[in-house]
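First the structure, in the form of structure tokens, and then the observations on it.
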Amino acid sequence: MSCSLLEFCRLQEFRTVRDYLFHNQKTEPEPEEQDTTDNQLSWDTSDWESAWDNGDNKEEEAAPATTVCQNALWLQDCVVSLSPCSDLLVVAREQKAVFLSAKWCTDNSGREEMTLAVSWTGTLSTEEGECVSSSVCIPLASQKRSSTGRPDWTCVVVGFTSGYVRFYTENGVLLLAQLLHEDPVLRLKCRTYEIPRHPGVTEQHEELSILYPAALVTIDGFSLFQSLRACRNQVARAAAAGSDVIQPPPLAYKKWGLQDMDTIVDHSSVGIMTLCVFDQMKNASILGGFNASVKGSPPAMSQYVTVGGGPYTGFYYAVEGSSQPLLSHVALAVASKLTSALFSAASGWLGWNKNKNEEEAVQKQKPKVEAATPLGIRFGLPDSRRHGESISLSPCNTLAGVTDDFGRVTLLDLARGIAIRMWKGYRDAQLGWLQVPEEQSDRGFSPSASLPRRHALFLVIYAPRRGILEVWAMQQGPRVGAFTVGKHCRLLFAGYHLMGVNSVTSQGWQLHTQQVCLLDPITGALRTVNIPFHLALSDKKSERAKDMHLLKRLTNILKNREVEPDILESEAKNVLLDIKHPAIKKQAMESLLSNKNAPVSCLSNIMCTLYEALKQQDPEEVDPALFQLCSSQLKLLQLYTDVQQLQSTSDTEDSMESLRDELSRVGPTLQRYAQFTSRPSVSFAQDSPDSPLPAQAFLSQMECTEDGQLKVIRGTETEWNQLGNFLFWGCLCGNNPIQNVCDTLQKAGISPQQLLSLLMTVWLQREKEVLQKTEETVRNLHTLLIALSNMKGAVEESWDPQSVSPWWQQVRSTCIQSHNAAAALLAAFVAHCAAKASISSHADSKLQSEWEAVSLELEQWVVCVKQLEDVLVLQTLMLVPPPQGAGGSAAAAQCSIKTLLEGGTGGIADSVSKWVFRHNLPPERLKEIIQRREDNNAEGKLEQKAGEGGADEKEQSQEGSDKTSELLVAVCQQFPHSLSPDLLFAHCCWEYVVQWNKDPEEGRCLCWAVEHLKLVSSPHIQLGISTMMWSTFIVKRFSAAAYLMEKVGKAPKDRLCRRDVGMGDKAVTCFLGCCVQLLQILMEADSAVEEVAAPELSVEEAWFGAEGPASIAELALEQKGVHYPLVQHHCLLASLLHAAMTFSLRVKPLSLFDSKGKNAFFRDLATIQLMPSGDMDPGLISLRQEFLLRVLTGWVQAIDDPSCLSSGSSCPPLPSTGPKADWWPSLCLELGSLLQINPDILRRHLVCELYNQGLDLRAEEVMLEVEDKDVLGSQLLVLTGQRLCYSLLHSQSQTQAAMELLARLPPTLCTWLKAMDPSELRCPLVPLSQISRLVSRLIEILPENHAQYSLALHLLEAVDVLTTED
């Protein structure tokens, strides 16, 4: 209840404003010289300045001085004005200006806050050399009847050193410009309509006043308002349609020449005043002498107060009617501006170019300036050495604050024309005023309740040299507030509200305006001063001031942690009994009850004393709300004490037979679950559930209703858990007597439903402790539940047998929503048992059997228990931590009945598939585990026939198996339908492809998705999932890869792949390989669909209520069939792209197809497209053949293994993936048949390439399949000649025998060998035995009538000779 600084707005991009206004200067202005001069002339102020600054100014002390100068001093050189509605801020310097407009945004905590963001920047000056000297933002009221007080728009008025005054919209659009005097504009000020607080107060007219060095212009507010509206409408029309200029109404203004004062720097237009008869006679006598005549009625006068020098303050009075208002021609300025600014762009098509020079001439002509009416000074405050710097008029127009160059602030009484108060030590001070109305709540207790509402006046002084903001009560009041705010702020005081308001339109309006704002350029914060009305009251008049003093004293005592409880109790009693005002007494009570240092006994004694004191007073004098608060808090403290004191051991005996059976049945599962949940974890001590609940927290969560009952307020989850622990955990552990606790709570009047909710919260939250002492805690929970259900209002007597009991439904719904599966299952066991007993006793009491109600309620419990057992097994699996280095995230998924039901029929399979991904479980491993489950099921059926003998063997085999796979098998057995192999594989496939889509670089995810898809046995599901995968995730990237390769004409590099396809080149290769496999699966599934019936999907009986999205398998079965030739067409393209990327080949893949083939690509696979048919163009076939031959060459080069040359008869096996995969030749042959290429050409090429690479054994295998042996023989003959040529002519180890052999060769053979080019061989150095073997094969395949048969024989002889000589 004291003064406070409230931040209501923050400026965004304030650094941008500074950079824009100062961007031509390298260094910003730093007025250091002036500071040093001032310091030399003044006394040393370091001690008391530091005393002022040591409070809240730590961040400024930490910041270096250079940073402060750069960030803050720049604002002192700018003209700053803020709209009183705080929705527009103007910062201007020299020719430039920045407009910042209000914008609402959400902060990090989700709260809406107002900010001012840059909305317009630009240059305002149009005359050469003129600068901005003053500005003011005037909000204009809306004329609509529905308006509630918000401005329609805001006009920015700017004065220039050239004498011009220009008016702009918030968006920087110039509305009109006026040259009313040819001297620089010193100051602009505005006065708007104020609602009179008292009858008889003169109603002031609105006006805008403009101060020049020797003249004062006042523009009538009504005239200005109409002109600005007309100009704004005209600008809007002209911008929209280019219409003609309509002449707006002229501006009515008065111009006074201020005389008898040396220098004037600031002014205030006080308004119209009327003298009393005595003052009128006094003035007449002083001015006219003894014989002066006095008029009958005193004249109305406009009062103007100026500050400057010679005299220091001047008072001017202009009698109404002594000067006729002047009318300025607004139309000229508006017309010239509109035609130049808005119609220049349209001049070309409007044909106005001819008059351009004439318009410029009109613009250059300055408007006519009217002469000023002389106005002599009436009187002043002469002080030859003192020079005034600024004057600030109070909202009530009776006082004004003046600053001067001596560091003084003077308070003027404007009616009497005298200085009534002066403050010193405020150099460069900035002033503002605050008028605070009396609070409505205080009116009822004040002696002046029937009088008009009172207002208090405060003067706000900002002293930048000391960095403090002070608030002083008027007129002779004390300082009521002081804040350390920094030394570079600006105090923004408008002194006016909305323009265009009158006594009729303002009725019912709520004017949302800030009177004083402090702008901090370092933080960009706009803060306003909040002052309570009572600070203006003296101690003699106000009981409240004394009460506030007592409240402050109590607050200080409560802050002191070392005070003794006895002293605290006696002091607090005295303070609470002494405070008279009910609102402050209530505030003191709340402070006391929320204090954490006060013991409970102390609080109880204080509240008891206060309660007795209130009871003894006259009931009519006691505030009923205060009395009820006191009694309710006393009741709550008593309840807290009673529960706290119930700490004796309880002995409870309950029938636990049925519960023990259930516990033994689920015991192993609970143990496994507990192993995973009992891992150590880090937590803060204050967050521990074992920490005691303070009385203050207890009181804050309870409230008394009007009928005397207690109601628990649902706060945060932590507070709710703490309250539940306080009430029930002792009972659950066996430390508190359960029946006594329940009786105490029932007497207090807390509803059983809220107690049940608290009990269930504690039980579920303390799951770890419950599992450590399962049997004991379960027994106590059973006793507690029975006790609570026997309370009045728990299970209703009039319960309809056709419906479910709301009491037990509350327990069920809590268990259904809980993620703590073990605790929820135990609670369900207990509640089921308690419900059985409750229902049977309920039925007995009615002396009739209500079988339907019994069956309905218990059936709900049977389903709930079965669901919770399933969830427990599933949650145990989810808690298994993933192995080190697994690709998935380590966070375990939380599951409950509610989340599984909301997940739809596929929710369970979806959870398990996410677990499989997290654990990085390979598809083959998952297949083994599921196979084991099926084997277990088969074994189970055999064991049922064979007896119990096989059970031990089964247990032994399970003990030896992996725990993780054992858990997964258990979950699959728990959900035989929801986790059928096809469903699980389908969900795993989808999970992996979703994860791959998040990170396409992780090609393994897509490969494993395809592998899981292969494991799905149903072709219908396979077909649907393949189609969905293709259309959702694959086809977009696949088409991007195809178009990219077509564009670059080769296998693209890594950078291009990342740009167009979204993954690197290696990932693209893997992706295209998966596309081929996916499309092959799609074709196989499409072929097999007609042979197999569609599977029927079902869920377990307990999970029939699933409501949510359909499972992946259900969606797959709903998919349309595909057009087989179109899938094959895409598979062909995918194979070509995969080959090109694998072997880095040059190819334009789409160019290998005709126009029909190209058009069919990337269409929906279910549509029937026009496919290529008939013989293909030979040119295309040639391109296709060349590409496939290059693929075979690439494969041969990839599989080249030097170890193979030295090995004997067999070749090493090839891998199944990558460029060395053994299936590439067969794929090329298959593609060749689809692309209309002769497969024999491909085989012959492969044989030659293999021999060329030195892989003779593989070549011989392929040679068996070649049909045209003649052509192959000719090709191999050349290759043999190249090999022999290299060994005879080009080998480094040429022997004498080889030279002699060459000499003995027939001339034809010798010439032929010399013509060979062995450089074409990739592996020229081949053993002679391999050459001999190749020549032997040549002789076998060449017919004797072949033209080159004899040449082959000569070769054979030559090789034999060489071999024998070696």
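Not measured: the values here are computed from a predicted model.
Under a 3.5 Å cut-off, the side chain of K103 and the backbone N or O of M114 do not form any donor-acceptor pair. No donor-acceptor pair under 3.5 Å is formed between the side chain of W256 and the backbone N or O of L216. Under a 3.5 Å cut-off, the side chain of Y304 and the backbone N or O of V270 do not form any donor-acceptor pair. At distances below 3.5 Å, not a single donor-acceptor pair connects side-chain atoms of T154 with backbone N or O atoms of E170. Here the side chain of K189 pairs no donor or acceptor atom with the backbone of S269 at under 3.5 angstrom. Within the 3.5 Å criterion, the main-chain N or O of I377 finds no donor-acceptor partner in the side chain of Q259. Looking only at distances, no side-chain donor or acceptor of E194 sits under 3.5 Å from a matching main-chain atom of Q204. Although no hydrogens or angles enter the test, the distance criterion places a donor-acceptor pair under 3.5 Å between the side chain of T192 and the main chain of H497. Side-chain N or O atoms of D266 include one that pairs as donor or acceptor with a backbone N or O of I391 at under 3.5 Å. Of the possible donor and acceptor atoms, none in the side chain of Q95 sits under 3.5 Å from a partner among the backbone N and O of C131.
Inter-residue side-chain proximity for L469 and L491 is flagged as met; some heavy-atom pair is nearer than 4.5 Å. The closest side-chain heavy-atom distance from V80 to V90 is not below 4.5 Å. P139 is not listed as a side-chain neighbour of M499, based on a closest heavy-atom distance of 4.5 Å or more. Here the side chains of T306 and Y316 are in contact, with some heavy-atom distance below 4.5 Å. Taking 4.5 Å as the limit, every side-chain heavy atom of L393 sits out of range of all side-chain heavy atoms of Y496. Proximity of E127 to Y164: side-chain heavy atoms (C-beta onward) are separated by under 4.5 Å at one or more points. A heavy-atom distance below 4.5 Å is not found between the side chains of V156 and T169. In this structure, K96 and V132 have side chains that are not in contact, with every pair of non-hydrogen atoms separated by 4.5 Å or more.
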Working note: L258 + I264, criterion side chain to side chain contact (heavy atoms under 4.5 Å, CB included); need CA distance, chi angles, decisive distance, verdict. CA-CA 9 Å; L258 304 177; I264 301 175; 3.8 Å; yes
Criterion side chain to side chain contact (heavy atoms under 4.5 Å, CB included) on V158 and Y168, from CA distance to verdict: CA-CA 8 Å; V158 183; Y168 301 86; 3.9 Å; yes
For side chain to side chain contact (heavy atoms under 4.5 Å, CB included), just list the numbers for I210 and V157, CA-CA rounded to whole Å, side-chain angles, deciding distance to a tenth of an Å, and then say yes or no. CA-CA 10 Å; I210 308 161; V157 187; over 6 Å; no
Apply the test side chain to side chain contact (heavy atoms under 4.5 Å, CB included) to residues L228 and L176: give CA-CA distance (whole Å), side-chain angles for both, the deciding distance (0.1 Å), then the verdict. CA-CA 8 Å; L228 290 176; L176 65 104; 4.0 Å; yes
Chi angles and distances behind the side chain to side chain donor-acceptor pair (under 3.5 Å) call for E470, Y462: CA-CA 6 Å; E470 297 182 349; Y462 169 56; over 6 Å; no
For side chain to side chain donor-acceptor pair (under 3.5 Å), just list the numbers for R166 and T126, CA-CA rounded to whole Å, side-chain angles, deciding distance to a tenth of an Å, and then say yes or no. CA-CA 10 Å; R166 296 190 176 91; T126 56; 2.7 Å; yes
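Here the closest non-hydrogen pair linking V369 and L180 is CG1-O, 3.5 Å. In plain terms, the two heavy atoms of H267 and S209 that are nearest each other are NE2-OG, 2.9 Å. Considering all non-hydrogen atoms of both residues, C78 and V91 come closest at CB-CG1, 3.9 Å. Shortest non-hydrogen contact noted between K255 and V217 is CG-CG2, 3.8 Å. Residue L519 comes nearest to P521 through the heavy atom pair O-CD, 3.5 Å, listed as atom of the first residue, atom of the second, then distance. Looking at every heavy atom in both residues, P395 comes nearest to Q435 through CB-OE1, 3.9 Å.
The environment of CZ in F315 is crowded: more than 12 heavy-atom neighbours from other residues, nucleotides or ligands sit within 6.0 Å.
A donor and an acceptor atom, one from each side chain of S119 and S101, are located under 3.5 Å apart. No side-chain donor-acceptor contact under 3.5 Å links Y312 and S384.
Put simply, the residue from V265, T403, D404 that forms a side-chain contact (heavy atoms from CB on, under 4.5 Å) with V307 is V265.
Here E207 pairs with R191 under the salt bridge (Lys or Arg N to Asp or Glu O under 4.0 Å) rule; sequence neighbours left out. A search for side chain to side chain contact (heavy atoms under 4.5 Å, CB included) contacts involving A236 returns nothing, not counting sequence neighbours. The side chain to side chain contact (heavy atoms under 4.5 Å, CB included) test applied to P213 returns D183, P184, L186, not counting sequence neighbours. For F493, the side chain to side chain contact (heavy atoms under 4.5 Å, CB included) criterion is met by S392, W433, V516, not counting sequence neighbours. Listed by chain and residue number, R386 satisfy the salt bridge (Lys or Arg N to Asp or Glu O under 4.0 Å) test with D383 (two or more places apart in sequence, or in another chain). The side chain to side chain contact (heavy atoms under 4.5 Å, CB included) check on M301 picks up L275, Y317, V319, R378, with sequence neighbours excluded.
Atom CD in Q178 sits 5.0 Å away from atom CG in L251 (nearest 0.5 Å). Expressed to the nearest 0.5 Å, how far CZ of R490 lies from CG of L526 amounts to 12.5 Å. Atom CG of L188 sits about 7.5 Å away from atom OG of S135, to the nearest 0.5 Å. How far CZ of F160 is from CG of L179: 12.0 Å, rounded to the nearest 0.5 Å. The structure places CZ of R187 at 9.5 Å from OG of S268, a figure rounded to the nearest 0.5 Å. Atom CG of residue D152 and atom CG of residue L140 lie 8.0 Å apart, to the nearest 0.5 angstrom.
Judged by the 6.0 Å distance and 45° axis criteria, R93 is not positioned over the aromatic ring of Y20.
Between W74 and F22, the ring planes are perpendicular. Angles over 60° get that label, and only those under 30° would be called parallel.
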